[in-house]
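What follows is a short report on a single structure.
Lettering of chains follows the sequences in order, A, B, ..., and the numbering in each one begins at 1. No hydrogens, no waters, no symmetry mates; every other heavy atom, side chains included, goes into these values.
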There are 2 protein chains.
Amino acid sequence: MRENKNITVTEIARRLDLSRSTIDRVINERGNVAAATKEKVLKYIEKINYTPNRAARHLAKMTNYTIAISYYFPRKFAEKINQGIDEIYEELNHYGLNIIIRAAQSREEQLAQIKELAEQVDALILSAWDKPELITLINELVERGIPVATFNRDLPGSNRLFYFGCDYYQSGRLAGEIIAKMADPGKIAIIGDPEDRIAAQRITGFKDVLQKLNDFKLIGPWEITQNFNLTASLNKEVVEKVEEISLVNQDLTAVFVVNQTLKAVAEAINKLGKASQVKIIGYDLYQGTVKLIEADLVQAVICQQPFNQGYFPLKLLFEMLADQKDIQTEEYITKLEIVMKENLCYYDNYRGLS
Amino acid sequence: MRENKNITVTEIARRLDLSRSTIDRVINERGNVAAATKEKVLKYIEKINYTPNRAARHLAKMTNYTIAISYYFPRKFAEKINQGIDEIYEELNHYGLNIIIRAAQSREEQLAQIKELAEQVDALILSAWDKPELITLINELVERGIPVATFNRDLPGSNRLFYFGCDYYQSGRLAGEIIAKMADPGKIAIIGDPEDRIAAQRITGFKDVLQKLNDFKLIGPWEITQNFNLTASLNKEVVEKVEEISLVNQDLTAVFVVNQTLKAVAEAINKLGKASQVKIIGYDLYQGTVKLIEADLVQAVICQQPFNQGYFPLKLLFEMLADQKDIQTEEYITKLEIVMKENLCYYDNYRGLS
DNA sequence: TTGTAGGCGTTATCAC
DNA sequence: GTGATAACGCCTACAA
């Protein structure tokens, strides 16, 4: 049984025969309290397990914090992030949370936006590509006392307060396990850009799981540049590349797609009539992915809780600013979720909770 | 950009040249307001999109609601439920939420507990087995104005306000899909008690997915009574049954375990040296399940967000009571999550968020 | 070093 | 019908 004792500062003051402000001084460490008094108050507070009433505190302080979020994501992924942002805004705007969202269309635009945002916010949350210039900027902000957190993509080398997102190495391992359990013995092609830090981590994890199994031989990775706005020509390039791979490797039984070319890859395999023979695994739900899973062209996709990635960084930072809550860890690692046909309904346009 | 406008009742009163009380009467529909005045106020409120400050409201109302939770679960599952309960208590106890948890050791004990709880709470949340007596009791409570919600196990035929938990039919379908993707062609044994409503739903879903595939033949279900405290003798009974099934069906390639006998089943298959040939799928993480997955004796397990099942029913009911928020649907369906070796770390002793 | 007083935005009670 | 006025628990001057 958890019960609200409802003891107030006034009540404590009455019982200890002191004034409310003295209690307040002790609680909020404002100084100017006799050692003996302080001791007495602390002891009593400890004893009755007092915690200040959040509603009253917010009301009295009338704090107002503006937190900005900057990212550069594919549309469908951004939508899910935004759902999380909307939810936490709904919960906390009455306690003084203001949010600025800046969705960039390119990496360059993003850097400019962050510079601009820095002047008008109490905290910053961003998902950005590694860039020495950006790291310097972030460290400057932190120096200036503006807390910065990263989400989805961490920024190694920077002094960001914490990272909220998935473990990409582990997500590679998970993909490896799924393929090992579903694919027939044979060759597995890896599609992705190992120049990209995150893709590289995934590929490493993937290899670590599969290389010790005798059933499979890994080929690739084939570099296909990561691009959110898959153009027709790029799409064609992917299709041709996959066709070639499949032709050269007749014993191809799986494709591991690390970037956003999942749709093109699946279409190529399907066109060759090899859909039932070649298993395809990828990441995240982008435009078109849903249909591929429904059509059994893609066996599974690994997701990383985009809703939470929008929701929690804001919550954590706001509670730090407004309630002096501590950040518990510098890495909040999100769950890796396996999405297949029969649980797809919970990930695509899911209007349920969390 | 989402920004806090911070318009107060006092401000509205000033602008409309009325008193705060009048504004309050309109907002909270207390009556005694001239039609014209009311109209004017409503229009203005609509225009500026006013919503009352939650902190101030909580402070002024000083509401105090006690919500009780009653369940009867295996230990490890209950632990996860409790984590969710703790979290929401942490968040809302300052706004007047008190919680009573009653974990029963048997169905009979649970019924008695619910009767007792009914006298001292503002709302009730329960996960209980179907029982005409219980349905009558619940309906009585609802009649008396005490909202009742179900979680994990719904109570069909009752007037509960909402159900929060998973779709068991769909969880059966998902198990079917996983097995279809992982198992070699052959026979699939179903272990579970079809007398139990939930097991029956899972089995139906499972069959609906697999029966149309030619690769597999379903056998069973074998009734093994559901029991949370798997005794040594029951364990032995399961092992013997599985050995027999495996012996009679040499082309057994998968076992679908609907109840808590997962560990016994896996041990039996392992003892027969058929672990690599026979894939095993089950539900939830119980004592011992983790080790089975790590040892590749169980391929995957389907989970249903136990944390959320503890967290959200309380949140929803409290916000209904304290903030007059509406319950949006009478069925909040939780995600079905696939847990395998490489994402097991996020489900077992996971100290991350959500 | 300690105490007093007023206010945050809302609700509730009373008087006009 | 309407308008004062006093809470709720905490914080922040300012006074003693």
Side-chain angles (χ1 to χ4, degrees), chain A residues 4-42 44-45 48-65 92-97 321-324, chain B residues 4-42 44-45 48-65 92-97 319 321-325:
Chain A
N4 199 334
K5 291 294 177 336
N6 234 16
I7 293 181
T8 72
V9 169
T10 313
E11 181 64 13
I12 297 174
R14 204 184 54 72
R15 293 194 196 168
L16 296 185
D17 208 27
L18 286 164
S19 77
R20 289 179 306 179
S21 16
T22 303
I23 312 298
D24 177 66
R25 280 187 201 96
V26 175
I27 291 172
N28 295 304
E29 294 164 354
R30 295 188 217 283
N32 281 330
V33 182
T37 317
K38 186 174 172 181
E39 180 71 11
K40 190 168 74 172
V41 174
L42 280 178
Y44 193 68
I45 282 177
I48 62 170
N49 196 16
Y50 168 84
T51 46
N53 182 302
R54 249 186 113 186
R57 161 175 277 181
H58 275 291
L59 192 56
K61 290 188 86 154
M62 270 294 121
T63 50
N64 229 293
Y65 292 104
L92 294 182
N93 84 84
H94 285 296
Y95 302 127
L97 170 63
L321 292 169
D323 301 324
Q324 283 77 44
Chain B
N4 199 335
K5 291 293 180 328
N6 236 16
I7 292 181
T8 72
V9 170
T10 311
E11 181 63 15
I12 297 174
R14 202 185 55 73
R15 293 194 197 170
L16 295 185
D17 209 28
L18 286 164
S19 76
R20 287 181 311 184
S21 331
T22 303
I23 311 297
D24 178 66
R25 279 188 201 95
V26 175
I27 290 171
N28 295 305
E29 293 167 350
R30 296 186 215 284
N32 281 329
V33 182
T37 316
K38 186 174 173 181
E39 180 70 13
K40 189 167 73 171
V41 174
L42 280 178
Y44 193 69
I45 282 177
I48 63 170
N49 196 18
Y50 167 84
T51 46
N53 182 302
R54 249 185 113 187
R57 159 175 277 181
H58 274 291
L59 191 57
K61 292 188 88 154
M62 270 295 120
T63 49
N64 228 293
Y65 292 105
L92 295 182
N93 85 83
H94 285 296
Y95 303 126
L97 170 63
E319 290 184 343
L321 292 170
D323 301 324
Q324 284 78 43
K325 271 207 192 177

**Request:** Might you confirm whether atom NZ of A/Lys40 has over 12 heavy atoms from other residues, nucleotides or ligands at distances under 6.0 Å?
**Result:** yes
**Message:** Using the side-chain heavy atoms of B/Leu18, tell me which of these nucleotides is nearest: D/dG3, C/dT1, C/dT11.
**Reply:** D/dG3
**Request:** Measure from the side-chain heavy atoms of A/Ser19 and tell me the nearest of D/dC10, C/dT10, C/dT2.
**Result:** C/dT2
Can you measure [X] atom [atom1] to [N] atom [atom2] for me and round it to whole angstrom units?
X       : N      : atom1 : atom2 : answer
A/Leu59 : C/dT11 : CG    : C1'   : 12 Å
B/Leu16 : D/dT2  : CG    : P     : 12 Å
B/His58 : C/dC8  : NE2   : C1'   : 16 Å
B/Arg14 : D/dG3  : CZ    : P     : 15 Å
B/Ile23 : C/dA12 : CD1   : C1'   : 16 Å
A/Asn32 : D/dT12 : CG    : C1'   : 14 Å
B/Asn53 : D/dC8  : CG    : C1'   : 13 Å
A/Arg57 : D/dT12 : CZ    : P     : 9 Å

**Request:** Ignoring hydrogens and angles, answer whether the base of C/dT1 and the side-chain atoms of A/Arg25 contain a donor-acceptor pair closer than 3.5 Å.
**Result:**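 Donor-acceptor pair under 3.5 Å: no.
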**Prompt:** Do the side chain of B/Ser21 and the base of C/dT11 come within less than 3.5 angstrom through a donor-acceptor pair of N or O atoms?
**Reply:** no
Work out which heavy atom in [X] is nearest to a heavy atom in [Y]; give both atom names and the distance.
X       : Y        : result
A/Arg54 : B/Tyr95  : CB-OH, 3.5 Å
A/Lys61 : A/Gln324 : NZ-NE2, 4.0 Å
A/Val33 : A/Lys38  : CG1-N, 3.7 Å

**Prompt:** Could you give the angle between the helix axes at the two ends of the helix from C/dT1-D/dA16 to C/dC16-D/dG1, with five pairs per end, rounded to 10 degrees?
**Reply:**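 Computed angle between terminal axes is 50°.
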**Message:** Can you work out whether A/Lys61 or A/Thr22 has the more 5'-proximal nearest nucleotide on DNA chain C?
**Reply:** A/Thr22
**Prompt:** Is any side-chain N or O of B/Thr37 closer than 4.0 Å to OP1 or OP2 of D/dG1?
**Reply:**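 False: B/Thr37 side-chain N/O out of range (4.0 Å or more) of D/dG1 OP1/OP2.
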**Prompt:** Distance check: side-chain N/O of A/Tyr95 vs OP1/OP2 of C/dG9, anything under 4.0 Å?
**Reply:**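 No.
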**Item:** Test item: B/Tyr44 side-chain N/O and B/Leu16 main-chain N/O as donor-acceptor pair under 3.5 Å
**Value:**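 Checked: no pair found.
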**Asked** Is A/Thr8 reaching over with its side chain to a backbone N or O of A/Glu11, donor-acceptor style, under 3.5 angstrom?
**Response** yes
**Message:** At 4.0 Å (heavy atoms only), tell me whether B/Arg30 reaches a base, stays on the sugar-phosphate, or touches nothing.
**Reply:** sugar-phosphate
**Item:** Separation between CD1 of B/Ile12 and CG of B/Asp24, rounded to the nearest 0.5 Å
**Value:** 11.0 Å
